[in-house]
2 protein chains.
Amino acid sequence: MTSISLKDIAKKAGVSVGTVDRVIHNRGNVSAKFREKVLDVLNEFEYKPNLMARGLANKKNYRIAALIPSHEVDPFWKLPLQGIRKADNHIKNFGFKIDLYYYQDGLDKDLLKVGMQIFEHEYHALLIAPVIKDEASIIFTECEKRQIPYVQINTFINRKSDLFLSFVGQDSYCSGKLAAKLFDFGTQDGDTLLILHLEREVYNSEHLIQKEQGFRDYFKTKNKKNIHISQLSFSDLESEEKRQAFVSYALKQHPKLSGVFVTTSKLHYIINDFIDNSTSSLNFIGFDLLDENLNHLSNDNALFLINQNPTQQGYLGIMTLFNHIIHNATIEKTQHLPIDVVMKENAAFYMHRQNHVVEVN
Amino acid sequence: MTSISLKDIAKKAGVSVGTVDRVIHNRGNVSAKFREKVLDVLNEFEYKPNLMARGLANKKNYRIAALIPSHEVDPFWKLPLQGIRKADNHIKNFGFKIDLYYYQDGLDKDLLKVGMQIFEHEYHALLIAPVIKDEASIIFTECEKRQIPYVQINTFINRKSDLFLSFVGQDSYCSGKLAAKLFDFGTQDGDTLLILHLEREVYNSEHLIQKEQGFRDYFKTKNKKNIHISQLSFSDLESEEKRQAFVSYALKQHPKLSGVFVTTSKLHYIINDFIDNSTSSLNFIGFDLLDENLNHLSNDNALFLINQNPTQQGYLGIMTLFNHIIHNATIEKTQHLPIDVVMKENAAFYMHRQNHVVEVN
DNA sequence: TATATCACTGTGGGCGCACACAGTTATAAA
DNA sequence: TTTATAACTGTGTGCGCCCACAGTGATATA
């Protein structure tokens with residue numbers, strides 16, 4: 001009934017627990033004969049260490065660095081941070097310590113600068129949101145040189161190294177497709193749909209490109225309603241004047257506009273400008289359950305928000321590192337989170353979702 | 001840095017660990033003076049027991065009974081079962097053992113008969129899917145007499161007892177509203193929408209009533225498109241002849257029918273009959289990610305499936321009992337799971353969702 | 001032969017907690 | 001006063017594991 005213990009293994013193999021321990025941890029100093037014997041018994045009885053006992057005895061400390069954009073610049077990053085904190089709580093009693101590093105997204109070279117500080121300390125693993133590809137790549141190279149395993153969240157940047165354990169995030173292409181399908185369902189013949197990137201350097205942001213591609217591809221395969229797709233970029237969100245100018249321009253350019261697909265969490269910046277300036281009614285699809293966006297949901301303005309599960313991204317990212325370190329588990333290189341379709345009617349259920357787990361403390 | 005231990009508390013309170021232990025577990029035999037002192041120190045330092053040490057030391061065994069409909073009758077119940085199994089894995093090293101009891105839904109009094117078998121053994125808690133209200137109520141009464149705490153999943157039956165810890169499931173009313181909103185988005189002026197209950201004794205199934213009510217209430221508050229709502233029930237799903245007859249009748253009755261809302265997971269039984277017999281194109285909304293339903297999603301037929309998160313229901317239900325027993329945690333009486341809107345484009349992400357947790361073994 | 005070195009193996013303490021049991025004091029009864 | 005009883009309080013053991021350290025032989029060196 002009760003699972004097999006180290007001592008049991010030792011007895012069955014005719015050695016002491018110390019020897020079994022040495023075999024399990026590859027500490028050496030074990031004769032080939034015994035080593036083999038122990039390995040056999042270990043296998044035969046499918047020995048699984050008792051993690052509670054291990055955790056108790058093992059005073060080893062594992063340190064993880066987490067590098068994400070500051071939530072003071074973009075409130076979106078509060079959510080992954082929450083997930084990281086939750087994971088921290090769940091694993092801290094196994095001797096894990098997470099240090100947070102924030103970089104200013106938008107401030108030139110800040111990802112790189114803050115990232116390099118990490119290497120001034122000894123870390124066993126790194127969680128990173130590699131928003132800026134070029135700078136992140138330098139960090140990755142450094143990790144690989146120092147043999148530090150890492151997990152990417154939110155943004156995927158391909159690396160060949162074994163130290164790149166996993167990407168945790170959304171499937172951007174699919175989310176674009178999904179947005180298109182929703183609009184297709186609720187749009188009249190001959191209408192125009194606008195893809196709106198509210199970021200600089202779109203060409204350098206793989207996930208935005210993917211979303212647009214998915215959106216376009218959907219209508220490439222089926223477009224019975226003869227819907228017209230357009231695309232614009234704009235990033236001076238803080239200036240009301242410029243926003244207004246941009247929106248009037250966009251509306252003038254697209255007289256039959258019926259829907260706007262904003263590819264980031266920044267729909268809330270500009271939705272009112274569209275509503276105020278448009279003569280006809282518009283549908284909106286944006287991303288992420290920020291308070292700012294949710295307000296518009298309850299106002300019946302934005303029809304759909306696509307939830308990228310950012311909190312889960314942080315949580316899963318850390319847990320992936322934990323499982324790698326503790327269990328040496330094999331891990332999927334890509335861990336896609338669900339693409340939740342959120343409307344006024346079901347938003348509440350996505351807000352304070354619990355992670356019911358075995359709480360250790 | 002490292003969290004505070006029993007011994008620390010003992011020292012600070014000027015007593016031995018035994019006394020602190022007695023206070024914590026309310027074992028009595030502690031003078032009022034010391035009891036208060038220890039309680040103060042406990043509070044001041046926010047003592048949290050180390051669950052690893054506790055788990056190691058505590059050889060106590062907890063037994064949980066789980067009573068759900070057999071998945072041989074309705075494949076839906078495979079999903080909650082999966083969740084229960086997963087939870088079992090996560091907590092078995094804390095000395096928890098789950099025994100499964102299956103009853104035949106539809107077989108008269110079987111819930112009651114199988115349920116009463118549970119009381120032939122000693123259980124610390126019960127998880128139950130109380131599909132049949134009258135029979136389940138007798139089980140609840142027995143639990144209350146024997147002081148066995150229980151959690152309901154899937155179906156909610158209100159009880160005043162403190163032993164009724166929580167209901168884990170969907171908010172049926174909201175899911176009805178959500179279905180209405182989706183149809184509203186994609187429906188033309190003057191169309192008809194049909195609410196379809198594919199069950200017997202609808203009047204006795206609270207969750208079906210709730211779904212219908214939510215659906216109707218949505219259009220009560222806003223019906224700019226002047227959409228007509230109708231309702232039908234049908235349950236002879238195995239007979240092709242009767243299905244055909246029913247569907248022709250339904251279509252004839254509703255010439256402007258554009259959408260069908262099936263309130264259970266049984267959309268797959270009847271969707272083809274509708275498609276084959278209808279001259280115009282129809283939209284469908286149903287429940288649950290059964291393989292049978294998913295096939296239709298990928299065929300572009302059923303537009304939306306609402307996911308009730310049945311696997312999570314099983315998982316959360318067990319974890320709720322676990323947390324109650326181990327942490328004596330206060331628990332929300334109602335734990336609503338998200339109402340996921342599932343389309344062809346995001347279905348895959350809901351299929352094999354992981355629960356990343358601290359795996360103890 | 002005595003001694004140092006090496007390769008290996010077993011032993012024991014301790015992680016934080018639960019619980020049985022032994023020890024201590026106060027109170028009531030003889 | 002002595003004894004029995006009750007009301008406390010402290011001590012010690014073990015859960016399964018990790019790891020430092022103390023052995024034990026065998027072989028090489030002085």
Side-chain angles (χ1 to χ4, degrees), chain A residues 1-39 41-42 45-62 92-96 325-327 359-361, chain B residues 1-39 41-42 45-62 92-96 325-328 360-361:
Chain A
M1 202 84 302
T2 176
S3 53
I4 200 144
S5 79
L6 250 189
K7 203 157 61 176
D8 298 331
I9 297 289
K11 199 188 296 176
K12 286 180 204 299
V15 295
S16 72
V17 287
T19 301
V20 178
D21 180 74
R22 256 162 254 141
V23 172
I24 288 175
H25 295 90
N26 282 313
R27 282 194 233 284
N29 289 331
V30 178
S31 64
K33 185 184 93 187
F34 277 162
R35 195 182 134 74
E36 207 131 306
K37 177 68 187 159
V38 169
L39 245 25
V41 178
L42 241 27
F45 293 92
E46 295 187 334
Y47 169 75
K48 299 259 174 57
N50 180 326
L51 279 203
M52 295 198 264
R54 179 173 278 183
L56 239 203
N58 202 340
K59 291 281 87 180
K60 210 180 284 175
N61 275 326
Y62 299 101
K92 68 174 174 218
N93 281 80
F94 290 86
F96 279 73
I325 293 173
I326 290 289
H327 296 105
E359 299 255 4
V360 184
N361 256 10
Chain B
M1 204 83 302
T2 176
S3 54
I4 200 146
S5 79
L6 250 189
K7 204 157 59 177
D8 299 331
I9 297 288
K11 199 188 295 175
K12 285 180 204 297
V15 296
S16 72
V17 286
T19 301
V20 178
D21 180 73
R22 256 161 254 142
V23 172
I24 288 176
H25 294 91
N26 283 312
R27 283 195 233 285
N29 290 333
V30 178
S31 65
K33 185 183 93 186
F34 277 163
R35 194 183 136 73
E36 207 131 305
K37 177 69 187 160
V38 168
L39 245 23
V41 177
L42 242 26
F45 293 91
E46 296 186 333
Y47 169 76
K48 299 261 174 57
N50 181 326
L51 278 204
M52 295 196 266
R54 179 171 279 185
L56 239 201
N58 203 339
K59 291 279 86 181
K60 212 178 285 175
N61 273 326
Y62 299 101
K92 68 174 174 216
N93 281 82
F94 290 86
F96 279 73
I325 293 173
I326 290 290
H327 296 104
N328 200 16
V360 183
N361 257 10

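In what follows, every heavy atom counts, from backbone to side chain, and hydrogens, waters and symmetry copies are set aside.
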Checklist entry - Quick one: are B:Y47 and B:V20 in side-chain contact, heavy atoms under 4.5 Å? => result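 No, side chains not in contact.
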Checklist entry - Do any side-chain nitrogens or oxygens of B:Y47 fall under 4.0 Å of OP1 or OP2 in C:dG16? => result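 False: B:Y47 side-chain N/O out of range (4.0 Å or more) of C:dG16 OP1/OP2.
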Item to check | Phosphate contact (D:dC18 OP1 or OP2) by A:H25 side-chain N/O below 4.0 Å | outcome: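 Yes, such a contact exists.
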Rounded off to whole Å, could you give me the [atom1]-to-[atom2] distance for the [X] and [N] pair?
X: B:D21; N: D:dT13; atom1: CG; atom2: P; result: 17 Å
X: A:N58; N: D:dC17; atom1: CG; atom2: P; result: 13 Å
X: A:R27; N: D:dC17; atom1: CZ; atom2: P; result: 13 Å
X: B:N61; N: D:dC15; atom1: CG; atom2: P; result: 15 Å
X: A:L42; N: D:dC17; atom1: CG; atom2: P; result: 10 Å
X: A:L56; N: D:dG14; atom1: CG; atom2: C1'; result: 12 Å
X: B:K33; N: C:dT25; atom1: NZ; atom2: P; result: 13 Å
X: A:R54; N: D:dC19; atom1: CZ; atom2: P; result: 9 Å

Quick one: which protein N/O atoms are closer than 3.5 Å to N/O atoms of nucleotides 6-11 of chain C? Pair and distance per line, please.
residue : atom : partner : partner atom : Å
C:dT9   : OP1  : A:S31   : OG           : 2.8
C:dT9   : OP2  : A:S31   : N            : 2.9
C:dG10  : OP2  : A:S16   : N            : 2.8
C:dG10  : OP2  : A:S16   : OG           : 2.9
C:dG10  : OP2  : A:T19   : OG1          : 3.0
C:dG10  : N7   : A:R22   : NH2          : 2.9
C:dG10  : O6   : A:R22   : NH2          : 2.6

Item to check | All side-chain contact (heavy atoms from CB on, under 4.5 Å) counterparts of B:A13, not counting sequence neighbours | outcome: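 So B:A13 forms a side-chain contact (heavy atoms from CB on, under 4.5 Å) with B:V15, B:K37, B:V38, B:V41.
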Name every donor-acceptor pair, under 3.5 Å, that has one atom in a side chain of residues 21-28 of chain A and the other anywhere in the protein, sequence neighbours excluded.
residue : atom : partner : partner atom : Å
A:D21   : OD1  : A:H25   : ND1          : 3.3
A:D21   : OD2  : A:R27   : NE           : 3.2
A:D21   : OD2  : A:R27   : NH2          : 3.0
A:H25   : ND1  : A:D21   : O            : 3.1

Item to check | Counterpart residues, ring pair (Phe, Tyr, Trp, His ring centres under 6.0 Å), relative to B:F34 (two or more places apart) | outcome: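 None.
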Checklist entry - Once you build an axis from the first five pairs and another from the last five of the helix from C:dT1-D:dA30 to C:dA30-D:dT1, how far apart in angle are they, to 10 degrees? => result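 Answer rounded to 10°: the end axes differ by 70°.
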Checklist entry - What pairs of residues pass the salt bridge (charged side-chain N to carboxylate O under 4.0 Å, His left out) test when at least one of them lies in residues 3-14 of chain A, not counting sequence neighbours? => result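 Pairs touching residues 3-14 of chain A that pass the test: none.
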Item to check | Closest approach of B:S16 to B:A10 (non-hydrogen atoms, all atoms of both residues) | outcome: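 Closest heavy-atom pair between B:S16 and B:A10: C-CB, 3.7 Å.
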Next on the checklist: The side chain of B:K7 is closest to which nucleotide in this list: D:dG16, C:dC15, C:dA18?
Outcome noted: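 Of all the options, the side chain of B:K7 is nearest to C:dC15.
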Checklist entry - What nucleotide among C:dC15, C:dC17, D:dC17 has an atom nearest to a side-chain atom of B:N50? => result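 Shortest atom-to-atom distance from the side chain points to C:dC17.
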